[in-house]
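In what follows, chains carry the letters A, B, and so on, assigned in the order in which the sequence lines appear, proteins first and then strands, with residues in each chain numbered from 1.
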Protein chains: 2
Amino acid sequence: MTKQKYKPGKIRERNNENILAAAEQEFVLHGFKGTSMQSIADRAGVPKANIHYYFKNKANLYRSLLESIMQVWNEVLSDITPDSDPADVLSRFIRSKMELSYTHPNASKIFAMEIIQGAPHLREYLSNNMRTWMKERTAVIQSWIDQDKIRAIDPTHLIFMIWSTTQHYADFETQILEVTNKRQYEPDDIDQITHFLIDIIFTRLGLEQPQLEPFRPQPEEETSEPASSPL
Amino acid sequence: MTKQKYKPGKIRERNNENILAAAEQEFVLHGFKGTSMQSIADRAGVPKANIHYYFKNKANLYRSLLESIMQVWNEVLSDITPDSDPADVLSRFIRSKMELSYTHPNASKIFAMEIIQGAPHLREYLSNNMRTWMKERTAVIQSWIDQDKIRAIDPTHLIFMIWSTTQHYADFETQILEVTNKRQYEPDDIDQITHFLIDIIFTRLGLEQPQLEPFRPQPEEETSEPASSPL
DNA sequence: GTCTATACCCAGATAGAC
DNA sequence: GTCTATCTGGGTATAGAC
(Lines give C-alpha, C1' and ligand atoms only; values in the text may rest on other atoms or scores of the structure.)
Protein backbone atom coordinates (compact mmCIF):
# COMPACT_ATOMS: atom_id res chain seq x y z
CA MET A 1 0.00 0.00 0.00
CA THR A 2 2.99 2.32 0.24
CA LYS A 3 2.20 4.86 -2.40
CA GLN A 4 5.33 5.22 -4.54
CA LYS A 5 7.08 8.55 -4.31
CA TYR A 6 6.86 9.10 -8.08
CA LYS A 7 6.47 12.73 -8.81
CA PRO A 8 3.40 13.50 -10.90
CA GLY A 9 3.81 12.50 -14.51
CA LYS A 10 6.59 10.06 -13.74
CA ILE A 11 4.66 7.09 -15.13
CA ARG A 12 3.82 8.97 -18.26
CA GLU A 13 7.47 9.91 -18.66
CA ARG A 14 8.59 6.33 -18.33
CA ASN A 15 5.99 5.16 -20.83
CA ASN A 16 7.10 7.89 -23.19
CA GLU A 17 10.70 6.76 -23.00
CA ASN A 18 9.83 3.10 -23.44
CA ILE A 19 7.76 3.87 -26.50
CA LEU A 20 10.45 6.10 -28.01
CA ALA A 21 13.10 3.45 -27.42
CA ALA A 22 10.94 0.79 -29.05
CA ALA A 23 10.09 3.09 -31.93
CA GLU A 24 13.77 3.78 -32.52
CA GLN A 25 14.48 0.09 -32.95
CA GLU A 26 11.55 -0.50 -35.28
CA PHE A 27 12.14 2.56 -37.44
CA VAL A 28 15.77 1.53 -37.94
CA LEU A 29 14.75 -1.96 -39.00
CA HIS A 30 11.86 -1.09 -41.31
CA GLY A 31 11.87 2.63 -42.10
CA PHE A 32 9.07 5.10 -41.41
CA LYS A 33 6.44 3.70 -43.75
CA GLY A 34 7.46 0.10 -43.17
CA THR A 35 7.09 0.27 -39.39
CA SER A 36 3.72 -0.59 -37.86
CA MET A 37 2.35 0.92 -34.67
CA GLN A 38 1.58 -2.63 -33.58
CA SER A 39 5.23 -3.69 -33.74
CA ILE A 40 6.24 -0.65 -31.68
CA ALA A 41 3.52 -1.41 -29.13
CA ASP A 42 4.62 -5.05 -28.88
CA ARG A 43 8.25 -4.09 -28.38
CA ALA A 44 7.37 -1.45 -25.78
CA GLY A 45 4.98 -3.83 -24.03
CA VAL A 46 1.98 -1.49 -24.15
CA PRO A 47 -1.34 -1.69 -25.99
CA LYS A 48 -1.31 -0.09 -29.40
CA ALA A 49 -4.03 2.38 -28.44
CA ASN A 50 -1.82 3.82 -25.71
CA ILE A 51 0.74 4.94 -28.23
CA HIS A 52 -1.97 6.84 -30.06
CA TYR A 53 -3.02 8.32 -26.76
CA TYR A 54 0.54 9.48 -26.01
CA PHE A 55 1.68 10.56 -29.47
CA LYS A 56 -1.56 11.07 -31.43
CA ASN A 57 -0.26 9.38 -34.63
CA LYS A 58 2.73 7.75 -36.29
CA ALA A 59 4.12 10.91 -37.89
CA ASN A 60 4.08 12.66 -34.52
CA LEU A 61 5.91 9.84 -32.81
CA TYR A 62 8.51 9.79 -35.56
CA ARG A 63 9.02 13.54 -35.37
CA SER A 64 9.52 13.36 -31.61
CA LEU A 65 12.29 10.88 -32.26
CA LEU A 66 13.90 13.07 -34.92
CA GLU A 67 13.79 16.08 -32.63
CA SER A 68 15.63 14.30 -29.84
CA ILE A 69 18.22 13.23 -32.40
CA MET A 70 18.76 16.72 -33.79
CA GLN A 71 19.15 18.04 -30.23
CA VAL A 72 22.24 15.92 -29.62
CA TRP A 73 23.50 16.53 -33.17
CA ASN A 74 23.58 20.25 -32.48
CA GLU A 75 25.82 19.99 -29.44
CA VAL A 76 28.91 18.93 -31.38
CA LEU A 77 31.19 21.61 -32.80
CA SER A 78 29.29 24.27 -30.86
CA ASP A 79 32.41 25.74 -29.24
CA ILE A 80 34.26 26.86 -32.36
CA THR A 81 35.62 30.43 -32.59
CA PRO A 82 38.31 32.19 -34.65
CA ASP A 83 40.46 32.31 -31.51
CA SER A 84 40.17 28.59 -30.79
CA ASP A 85 43.03 26.21 -31.27
CA PRO A 86 42.19 24.33 -34.49
CA ALA A 87 43.91 21.14 -33.37
CA ASP A 88 41.91 21.14 -30.15
CA VAL A 89 38.53 21.92 -31.72
CA LEU A 90 38.87 19.59 -34.69
CA SER A 91 40.19 16.64 -32.71
CA ARG A 92 37.32 16.97 -30.25
CA PHE A 93 34.88 17.28 -33.16
CA ILE A 94 36.12 14.07 -34.78
CA ARG A 95 36.25 12.31 -31.45
CA SER A 96 32.72 13.35 -30.42
CA LYS A 97 31.30 12.18 -33.73
CA MET A 98 33.05 8.81 -33.39
CA GLU A 99 31.79 8.43 -29.83
CA LEU A 100 28.25 9.21 -30.95
CA SER A 101 28.55 6.57 -33.67
CA TYR A 102 29.48 4.11 -30.94
CA THR A 103 26.97 5.13 -28.28
CA HIS A 104 24.01 6.07 -30.51
CA PRO A 105 24.24 4.13 -33.77
CA ASN A 106 20.46 3.93 -34.17
CA ALA A 107 20.06 7.67 -33.99
CA SER A 108 22.62 8.04 -36.75
CA LYS A 109 20.86 5.39 -38.83
CA ILE A 110 17.43 6.97 -38.52
CA PHE A 111 18.83 10.35 -39.47
CA ALA A 112 20.63 8.79 -42.44
CA MET A 113 17.50 7.05 -43.72
CA GLU A 114 15.48 10.22 -43.36
CA ILE A 115 18.01 12.14 -45.47
CA ILE A 116 18.42 9.36 -48.04
CA GLN A 117 14.68 9.30 -48.61
CA GLY A 118 14.69 13.03 -49.31
CA ALA A 119 14.14 14.30 -45.75
CA PRO A 120 10.32 14.44 -46.05
CA HIS A 121 9.94 15.10 -42.30
CA LEU A 122 13.08 17.19 -41.90
CA ARG A 123 13.25 19.44 -44.95
CA GLU A 124 11.99 22.51 -43.18
CA TYR A 125 14.40 22.00 -40.32
CA LEU A 126 17.32 21.58 -42.71
CA SER A 127 16.65 24.75 -44.65
CA ASN A 128 15.95 26.79 -41.50
CA ASN A 129 18.87 25.71 -39.33
CA MET A 130 21.47 23.77 -41.25
CA ARG A 131 22.64 26.39 -43.70
CA THR A 132 23.41 29.00 -41.04
CA TRP A 133 25.01 26.31 -38.86
CA MET A 134 27.30 25.52 -41.79
CA LYS A 135 27.98 29.15 -42.69
CA GLU A 136 29.10 29.95 -39.16
CA ARG A 137 31.44 26.95 -38.95
CA THR A 138 33.02 27.37 -42.37
CA ALA A 139 33.57 31.08 -41.66
CA VAL A 140 35.59 30.23 -38.57
CA ILE A 141 37.63 27.59 -40.41
CA GLN A 142 38.30 30.12 -43.16
CA SER A 143 39.50 32.60 -40.51
CA TRP A 144 41.96 29.95 -39.28
CA ILE A 145 43.28 29.70 -42.82
CA ASP A 146 43.58 33.48 -43.06
CA GLN A 147 45.49 33.49 -39.78
CA ASP A 148 47.83 30.76 -41.12
CA LYS A 149 46.78 28.44 -38.32
CA ILE A 150 46.03 25.67 -40.83
CA ARG A 151 46.91 25.06 -44.47
CA ALA A 152 44.32 26.27 -47.00
CA ILE A 153 41.47 23.82 -47.62
CA ASP A 154 37.80 23.91 -48.57
CA PRO A 155 36.05 24.21 -45.17
CA THR A 156 32.71 22.89 -46.40
CA HIS A 157 34.09 19.67 -47.81
CA LEU A 158 36.29 19.26 -44.75
CA ILE A 159 33.15 19.15 -42.63
CA PHE A 160 31.46 16.78 -45.08
CA MET A 161 34.50 14.52 -44.82
CA ILE A 162 34.33 14.41 -41.03
CA TRP A 163 30.58 13.82 -41.10
CA SER A 164 30.78 11.04 -43.67
CA THR A 165 33.77 9.14 -42.28
CA THR A 166 32.54 9.14 -38.69
CA GLN A 167 28.87 8.44 -39.37
CA HIS A 168 29.86 5.64 -41.74
CA TYR A 169 30.91 3.49 -38.78
CA ALA A 170 27.40 3.75 -37.33
CA ASP A 171 25.34 3.59 -40.51
CA PHE A 172 27.31 0.85 -42.28
CA GLU A 173 28.05 -1.08 -39.11
CA THR A 174 26.61 -4.27 -40.61
CA GLN A 175 28.95 -4.16 -43.59
CA ILE A 176 32.00 -3.12 -41.58
CA LEU A 177 31.61 -5.82 -38.95
CA GLU A 178 31.07 -8.42 -41.66
CA VAL A 179 34.09 -7.27 -43.65
CA THR A 180 36.39 -6.97 -40.65
CA ASN A 181 35.05 -10.20 -39.18
CA LYS A 182 34.11 -8.70 -35.81
CA ARG A 183 31.00 -9.29 -33.72
CA GLN A 184 30.84 -5.72 -32.41
CA TYR A 185 32.91 -2.59 -31.97
CA GLU A 186 35.13 -2.30 -28.91
CA PRO A 187 36.17 1.01 -27.29
CA ASP A 188 39.66 0.34 -28.64
CA ASP A 189 38.29 0.31 -32.19
CA ILE A 190 36.82 3.76 -31.62
CA ASP A 191 40.18 5.06 -30.40
CA GLN A 192 41.99 3.54 -33.35
CA ILE A 193 39.60 4.97 -35.94
CA THR A 194 39.65 8.38 -34.27
CA HIS A 195 43.45 8.42 -34.48
CA PHE A 196 43.33 7.25 -38.08
CA LEU A 197 41.04 10.11 -39.10
CA ILE A 198 42.90 12.76 -37.13
CA ASP A 199 46.18 11.52 -38.60
CA ILE A 200 45.03 11.92 -42.21
CA ILE A 201 43.24 15.22 -41.77
CA PHE A 202 45.83 16.85 -39.54
CA THR A 203 48.65 15.87 -41.88
CA ARG A 204 46.92 17.75 -44.68
CA LEU A 205 46.17 20.74 -42.42
CA GLY A 206 49.76 20.91 -41.18
CA LEU A 207 48.77 20.29 -37.55
CA GLU A 208 50.58 18.25 -34.91
CA GLN A 209 48.94 14.98 -33.83
CA PRO A 210 47.36 15.70 -30.42
CA GLN A 211 47.51 13.48 -27.35
CA LEU A 212 44.04 12.06 -26.62
CA GLU A 213 42.59 10.40 -23.56
CA PRO A 214 41.44 6.92 -24.51
CA PHE A 215 37.68 6.53 -24.95
CA ARG A 216 36.04 4.66 -22.08
CA PRO A 217 32.27 4.52 -22.26
CA GLN A 218 30.58 5.06 -18.91
CA PRO A 219 29.11 1.87 -17.47
CA GLU A 220 25.37 1.87 -18.28
CA GLU A 221 23.58 3.54 -15.32
CA GLU A 222 20.43 1.84 -14.06
CA THR A 223 17.74 4.31 -15.10
CA SER A 224 19.52 7.62 -15.56
CA GLU A 225 18.69 7.16 -19.25
CA PRO A 226 16.92 4.31 -21.01
CA ALA A 227 19.34 1.79 -22.50
CA SER A 228 18.53 2.77 -26.04
CA SER A 229 17.93 6.41 -25.32
CA PRO A 230 16.96 8.46 -28.35
CA LEU A 231 20.48 9.55 -29.28
CA MET B 1 1.21 -4.16 -90.49
CA THR B 2 5.00 -4.04 -90.74
CA LYS B 3 5.98 -6.43 -88.03
CA GLN B 4 8.62 -4.68 -85.94
CA LYS B 5 12.07 -6.21 -86.09
CA TYR B 6 12.22 -6.71 -82.31
CA LYS B 7 14.19 -9.82 -81.57
CA PRO B 8 12.25 -12.30 -79.47
CA GLY B 9 11.95 -11.23 -75.85
CA LYS B 10 12.56 -7.58 -76.65
CA ILE B 11 9.20 -6.46 -75.29
CA ARG B 12 9.73 -8.43 -72.14
CA GLU B 13 13.17 -6.89 -71.78
CA ARG B 14 11.79 -3.39 -72.10
CA ASN B 15 9.04 -4.08 -69.59
CA ASN B 16 11.61 -5.51 -67.24
CA GLU B 17 13.72 -2.39 -67.45
CA ASN B 18 10.74 -0.07 -66.99
CA ILE B 19 9.64 -1.93 -63.92
CA LEU B 20 13.14 -2.01 -62.45
CA ALA B 21 13.56 1.71 -63.04
CA ALA B 22 10.22 2.46 -61.39
CA ALA B 23 11.02 0.13 -58.51
CA GLU B 24 14.33 1.89 -57.95
CA GLN B 25 12.58 5.23 -57.53
CA GLU B 26 9.94 3.88 -55.17
CA PHE B 27 12.32 1.84 -53.02
CA VAL B 28 14.52 4.91 -52.55
CA LEU B 29 11.57 7.01 -51.46
CA HIS B 30 9.87 4.55 -49.14
CA GLY B 31 12.21 1.64 -48.37
CA PHE B 32 11.54 -2.02 -49.04
CA LYS B 33 8.61 -2.57 -46.68
CA GLY B 34 7.18 0.89 -47.26
CA THR B 35 6.97 0.50 -51.03
CA SER B 36 3.79 -0.94 -52.53
CA MET B 37 3.65 -3.00 -55.71
CA GLN B 38 0.79 -0.73 -56.78
CA SER B 39 2.98 2.38 -56.67
CA ILE B 40 5.67 0.65 -58.73
CA ALA B 41 3.05 -0.46 -61.24
CA ASP B 42 1.62 3.05 -61.50
CA ARG B 43 5.06 4.58 -62.05
CA ALA B 44 5.99 1.96 -64.64
CA GLY B 45 2.61 2.31 -66.36
CA VAL B 46 1.73 -1.37 -66.18
CA PRO B 47 -0.95 -3.29 -64.30
CA LYS B 48 0.10 -4.52 -60.92
CA ALA B 49 -0.48 -8.16 -61.88
CA ASN B 50 2.14 -7.90 -64.61
CA ILE B 51 4.85 -7.17 -62.10
CA HIS B 52 3.92 -10.33 -60.27
CA TYR B 53 4.01 -12.14 -63.58
CA TYR B 54 7.51 -10.85 -64.36
CA PHE B 55 9.08 -10.97 -60.90
CA LYS B 56 6.90 -13.38 -58.91
CA ASN B 57 6.87 -11.26 -55.73
CA LYS B 58 8.21 -8.10 -54.09
CA ALA B 59 11.27 -9.68 -52.51
CA ASN B 60 12.31 -11.09 -55.87
CA LEU B 61 11.96 -7.75 -57.61
CA TYR B 62 13.98 -6.08 -54.89
CA ARG B 63 16.71 -8.70 -55.07
CA SER B 64 16.96 -8.27 -58.84
CA LEU B 65 17.58 -4.60 -58.22
CA LEU B 66 20.22 -5.29 -55.57
CA GLU B 67 21.99 -7.74 -57.88
CA SER B 68 22.31 -5.23 -60.68
CA ILE B 69 23.68 -2.74 -58.15
CA MET B 70 26.29 -5.14 -56.78
CA GLN B 71 27.38 -5.96 -60.30
CA VAL B 72 28.46 -2.37 -60.97
CA TRP B 73 29.86 -2.05 -57.44
CA ASN B 74 32.24 -4.90 -58.11
CA GLU B 75 33.79 -3.35 -61.17
CA VAL B 76 35.58 -0.60 -59.27
CA LEU B 77 39.02 -1.28 -57.86
CA SER B 78 39.18 -4.56 -59.81
CA ASP B 79 42.54 -3.76 -61.45
CA ILE B 80 44.70 -3.50 -58.34
CA THR B 81 47.98 -5.46 -58.14
CA PRO B 82 51.18 -5.17 -56.09
CA ASP B 83 52.91 -3.93 -59.24
CA SER B 84 50.36 -1.20 -59.96
CA ASP B 85 51.16 2.46 -59.49
CA PRO B 86 49.34 3.42 -56.25
CA ALA B 87 48.71 6.99 -57.40
CA ASP B 88 47.10 5.73 -60.58
CA VAL B 89 44.96 3.02 -59.01
CA LEU B 90 43.81 5.08 -56.03
CA SER B 91 43.01 8.21 -58.01
CA ARG B 92 40.93 6.16 -60.45
CA PHE B 93 39.25 4.41 -57.52
CA ILE B 94 38.24 7.70 -55.91
CA ARG B 95 37.22 9.16 -59.22
CA SER B 96 35.09 6.15 -60.24
CA LYS B 97 33.28 6.19 -56.92
CA MET B 98 32.55 9.92 -57.27
CA GLU B 99 31.27 9.43 -60.81
CA LEU B 100 29.01 6.62 -59.65
CA SER B 101 27.63 8.89 -56.94
CA TYR B 102 26.79 11.38 -59.67
CA THR B 103 25.45 9.01 -62.31
CA HIS B 104 23.74 6.45 -60.06
CA PRO B 105 22.75 8.11 -56.80
CA ASN B 106 19.66 5.94 -56.36
CA ALA B 107 21.69 2.76 -56.57
CA SER B 108 23.93 4.07 -53.80
CA LYS B 109 20.92 5.05 -51.71
CA ILE B 110 19.21 1.67 -52.00
CA PHE B 111 22.43 -0.09 -51.07
CA ALA B 112 22.89 2.25 -48.11
CA MET B 113 19.36 1.69 -46.81
CA GLU B 114 19.75 -2.05 -47.15
CA ILE B 115 22.94 -1.99 -45.07
CA ILE B 116 21.55 0.45 -42.50
CA GLN B 117 18.58 -1.83 -41.89
CA GLY B 118 20.92 -4.73 -41.19
CA ALA B 119 21.25 -6.08 -44.75
CA PRO B 120 18.36 -8.57 -44.42
CA HIS B 121 18.45 -9.33 -48.17
CA LEU B 122 22.21 -9.04 -48.61
CA ARG B 123 23.75 -10.68 -45.55
CA GLU B 124 24.67 -13.87 -47.33
CA TYR B 125 26.21 -11.99 -50.21
CA LEU B 126 28.24 -9.83 -47.85
CA SER B 127 29.71 -12.73 -45.90
CA ASN B 128 30.40 -14.76 -49.03
CA ASN B 129 31.99 -12.12 -51.25
CA MET B 130 32.83 -8.98 -49.35
CA ARG B 131 35.39 -10.29 -46.91
CA THR B 132 37.57 -11.88 -49.57
CA TRP B 133 37.17 -8.77 -51.77
CA MET B 134 38.48 -6.73 -48.86
CA LYS B 135 41.29 -9.15 -47.98
CA GLU B 136 42.63 -9.10 -51.52
CA ARG B 137 42.61 -5.30 -51.73
CA THR B 138 44.13 -4.64 -48.34
CA ALA B 139 46.85 -7.21 -49.06
CA VAL B 140 47.87 -5.29 -52.17
CA ILE B 141 47.87 -1.96 -50.33
CA GLN B 142 49.98 -3.52 -47.59
CA SER B 143 52.42 -4.71 -50.26
CA TRP B 144 52.70 -1.12 -51.50
CA ILE B 145 53.61 -0.10 -47.96
CA ASP B 146 56.20 -2.88 -47.74
CA GLN B 147 57.67 -1.72 -51.05
CA ASP B 148 57.84 1.87 -49.71
CA LYS B 149 55.54 3.06 -52.49
CA ILE B 150 53.23 4.77 -49.97
CA ARG B 151 53.59 5.81 -46.32
CA ALA B 152 52.35 3.25 -43.79
CA ILE B 153 48.61 3.41 -43.13
CA ASP B 154 45.80 1.06 -42.15
CA PRO B 155 44.58 -0.26 -45.54
CA THR B 156 41.14 -1.30 -44.29
CA HIS B 157 40.24 2.10 -42.87
CA LEU B 158 41.68 3.76 -45.96
CA ILE B 159 39.12 1.90 -48.06
CA PHE B 160 36.36 2.73 -45.57
CA MET B 161 37.34 6.38 -45.85
CA ILE B 162 37.09 6.36 -49.64
CA TRP B 163 33.79 4.49 -49.55
CA SER B 164 32.24 6.79 -46.97
CA THR B 165 33.39 10.13 -48.37
CA THR B 166 32.41 9.36 -51.96
CA GLN B 167 29.08 7.65 -51.23
CA HIS B 168 28.16 10.46 -48.87
CA TYR B 169 27.62 12.78 -51.83
CA ALA B 170 25.02 10.40 -53.25
CA ASP B 171 23.33 9.25 -50.06
CA PHE B 172 23.19 12.62 -48.29
CA GLU B 173 22.53 14.59 -51.47
CA THR B 174 19.44 16.20 -49.94
CA GLN B 175 21.36 17.58 -46.99
CA ILE B 176 24.39 18.64 -49.02
CA LEU B 177 22.38 20.51 -51.64
CA GLU B 178 20.37 22.21 -48.92
CA VAL B 179 23.46 23.21 -46.94
CA THR B 180 25.43 24.39 -49.98
CA ASN B 181 22.35 26.08 -51.42
CA LYS B 182 22.49 24.31 -54.79
CA ARG B 183 19.70 22.83 -56.84
CA GLN B 184 21.78 19.94 -58.16
CA TYR B 185 25.35 18.77 -58.64
CA GLU B 186 27.26 19.90 -61.73
CA PRO B 187 30.10 17.94 -63.34
CA ASP B 188 32.44 20.64 -62.03
CA ASP B 189 31.39 19.82 -58.47
CA ILE B 190 32.36 16.20 -59.04
CA ASP B 191 35.79 17.28 -60.29
CA GLN B 192 36.30 19.59 -57.36
CA ILE B 193 35.32 17.00 -54.75
CA THR B 194 37.46 14.35 -56.44
CA HIS B 195 40.46 16.67 -56.24
CA PHE B 196 39.67 17.53 -52.64
CA LEU B 197 39.66 13.86 -51.62
CA ILE B 198 42.77 12.95 -53.62
CA ASP B 199 44.56 15.96 -52.15
CA ILE B 200 43.95 14.95 -48.55
CA ILE B 201 44.58 11.24 -48.97
CA PHE B 202 47.61 11.56 -51.24
CA THR B 203 49.23 14.09 -48.90
CA ARG B 204 49.06 11.54 -46.10
CA LEU B 205 50.33 8.73 -48.36
CA GLY B 206 53.23 10.82 -49.63
CA LEU B 207 52.03 10.66 -53.25
CA GLU B 208 52.17 13.39 -55.90
CA GLN B 209 48.83 14.93 -56.96
CA PRO B 210 48.03 13.39 -60.35
CA GLN B 211 46.74 15.20 -63.42
CA LEU B 212 43.14 14.16 -64.11
CA GLU B 213 40.96 14.56 -67.16
CA PRO B 214 37.89 16.58 -66.19
CA PHE B 215 34.72 14.57 -65.72
CA ARG B 216 32.24 15.02 -68.57
CA PRO B 217 29.21 12.74 -68.35
CA GLN B 218 28.21 11.27 -71.70
CA PRO B 219 25.07 12.85 -73.12
CA GLU B 220 22.19 10.52 -72.26
CA GLU B 221 21.83 8.08 -75.20
CA GLU B 222 18.31 7.39 -76.40
CA THR B 223 17.80 3.76 -75.40
CA SER B 224 21.27 2.36 -74.88
CA GLU B 225 20.35 2.26 -71.20
CA PRO B 226 17.17 3.35 -69.43
CA ALA B 227 17.41 6.84 -67.96
CA SER B 228 17.39 5.60 -64.40
CA SER B 229 19.21 2.37 -65.11
CA PRO B 230 19.73 0.16 -62.09
CA LEU B 231 23.12 1.59 -61.12
C1' DG C 1 -5.45 6.80 -17.88
C1' DT C 2 -5.96 2.06 -19.93
C1' DC C 3 -7.24 -1.37 -23.13
C1' DT C 4 -10.76 -4.14 -26.13
C1' DA C 5 -13.22 -4.16 -30.11
C1' DT C 6 -13.97 -2.45 -34.41
C1' DA C 7 -14.31 0.73 -38.54
C1' DC C 8 -12.17 1.44 -42.61
C1' DC C 9 -8.57 1.13 -45.92
C1' DC C 10 -4.80 -0.70 -48.51
C1' DA C 11 -1.31 -4.21 -48.89
C1' DG C 12 0.51 -8.58 -51.58
C1' DA C 13 -0.81 -12.11 -54.22
C1' DT C 14 -3.60 -14.97 -57.44
C1' DA C 15 -7.58 -16.90 -60.34
C1' DG C 16 -9.28 -16.82 -64.46
C1' DA C 17 -11.44 -14.26 -68.49
C1' DC C 18 -9.45 -12.31 -72.46
C1' DG D 1 1.20 -12.50 -72.37
C1' DT D 2 -2.27 -9.17 -70.30
C1' DC D 3 -5.39 -7.31 -67.03
C1' DT D 4 -9.83 -7.32 -64.00
C1' DA D 5 -11.74 -8.93 -60.02
C1' DT D 6 -11.15 -10.78 -55.77
C1' DC D 7 -9.17 -13.23 -51.65
C1' DT D 8 -6.94 -12.62 -47.31
C1' DG D 9 -4.19 -10.35 -44.04
C1' DG D 10 -2.60 -6.39 -41.81
C1' DG D 11 -2.33 -1.32 -41.55
C1' DT D 12 -3.85 3.29 -38.91
C1' DA D 13 -6.85 5.16 -36.08
C1' DT D 14 -10.70 5.61 -32.86
C1' DA D 15 -15.03 4.66 -29.97
C1' DG D 16 -16.28 3.49 -25.85
C1' DA D 17 -16.28 0.15 -21.77
C1' DC D 18 -13.51 -0.15 -17.79
Side-chain angles (χ1 to χ4, degrees), chain A residues 1 3-66 113 117 120-121, chain B residues 1 3-66 110 113-114 117 120-121:
Chain A
M1 276 305 169
K3 194 109 168 275
Q4 278 151 322
K5 215 180 59 185
Y6 284 151
K7 66 182 175 204
K10 184 76 181 190
I11 293 174
R12 187 193 184 101
E13 197 181 313
R14 269 192 56 122
N15 270 335
N16 247 286
E17 285 172 1
N18 284 342
I19 293 168
L20 281 169
E24 189 184 74
Q25 299 280 335
E26 291 298 320
F27 282 132
V28 163
L29 289 173
H30 307 114
F32 174 71
K33 287 193 70 176
T35 295
S36 75
M37 296 295 265
Q38 187 62 60
S39 69
I40 297 174
D42 292 348
R43 190 183 283 268
V46 301
K48 185 176 57 163
N50 288 25
I51 302 185
H52 280 99
Y53 174 73
Y54 280 118
F55 289 94
K56 177 96 180 143
N57 57 39
K58 190 160 87 161
N60 238 319
L61 169 57
Y62 181 67
R63 264 194 300 271
S64 298
L65 205 52
L66 283 179
M113 292 214 290
Q117 299 188 0
H121 300 84
Chain B
M1 272 309 171
K3 197 113 169 270
Q4 279 152 320
K5 214 180 60 186
Y6 283 151
K7 66 183 176 201
K10 184 77 182 190
I11 293 174
R12 188 193 182 101
E13 196 180 314
R14 269 192 57 122
N15 270 336
N16 247 286
E17 284 172 2
N18 284 342
I19 293 169
L20 281 170
E24 188 184 75
Q25 299 280 336
E26 291 297 320
F27 282 132
V28 164
L29 289 172
H30 307 114
F32 174 71
K33 285 194 71 173
T35 295
S36 75
M37 296 295 266
Q38 187 62 61
S39 69
I40 296 174
D42 291 348
R43 189 183 283 268
V46 301
K48 184 176 61 164
N50 289 25
I51 303 186
H52 279 99
Y53 174 73
Y54 280 117
F55 291 94
K56 177 97 179 142
N57 58 38
K58 189 160 88 158
N60 239 319
L61 169 57
Y62 180 67
R63 264 193 300 269
S64 298
L65 205 51
L66 283 180
I110 287 174
M113 291 214 292
E114 170 67 13
Q117 299 188 1
H121 300 83

Check for a donor-acceptor pair, side chain of [X] on one end and backbone N or O of [Y] on the other, with a separation under 3.5 Å.
X: B:Lys58; Y: B:Thr35; value: yes
X: A:Glu24; Y: A:Leu65; value: no
X: B:Asn50; Y: B:Tyr53; value: no

Rounded to the nearest 0.5 angstrom, the OH-CD1 distance for B:Tyr54 and B:Ile19 is 6.0 Å

When the distance from [atom1] of [X] to [atom2] of [N] is rounded to whole Å, what number comes out?
X: B:Asn16; N: D:dG1; atom1: CG; atom2: P; value: 10 Å
X: B:Asn60; N: C:dG12; atom1: CG; atom2: P; value: 14 Å
X: B:Glu26; N: C:dA11; atom1: CD; atom2: C1'; value: 14 Å
X: B:His30; N: C:dC10; atom1: NE2; atom2: P; value: 15 Å
X: B:Ile51; N: C:dT14; atom1: CD1; atom2: P; value: 14 Å

Do B:Val46 and B:Ile40 have side chains that approach each other closer than 4.5 Å (heavy atoms only, starting at C-beta)? no

Using a 4.0 Å heavy-atom cut-off to protein, can you give one letter per nucleotide of nucleotides 2-18 of chain D, 5' to 3': B if the base is in contact, S if only the sugar-phosphate is, - if neither? BBB------SBBB----

Taking the inter-plane angle between the rings of B:His121 and B:Tyr62 on a 0 to 90° scale, is it parallel (under 30°), tilted (30 to 60°) or perpendicular (over 60°)? perpendicular

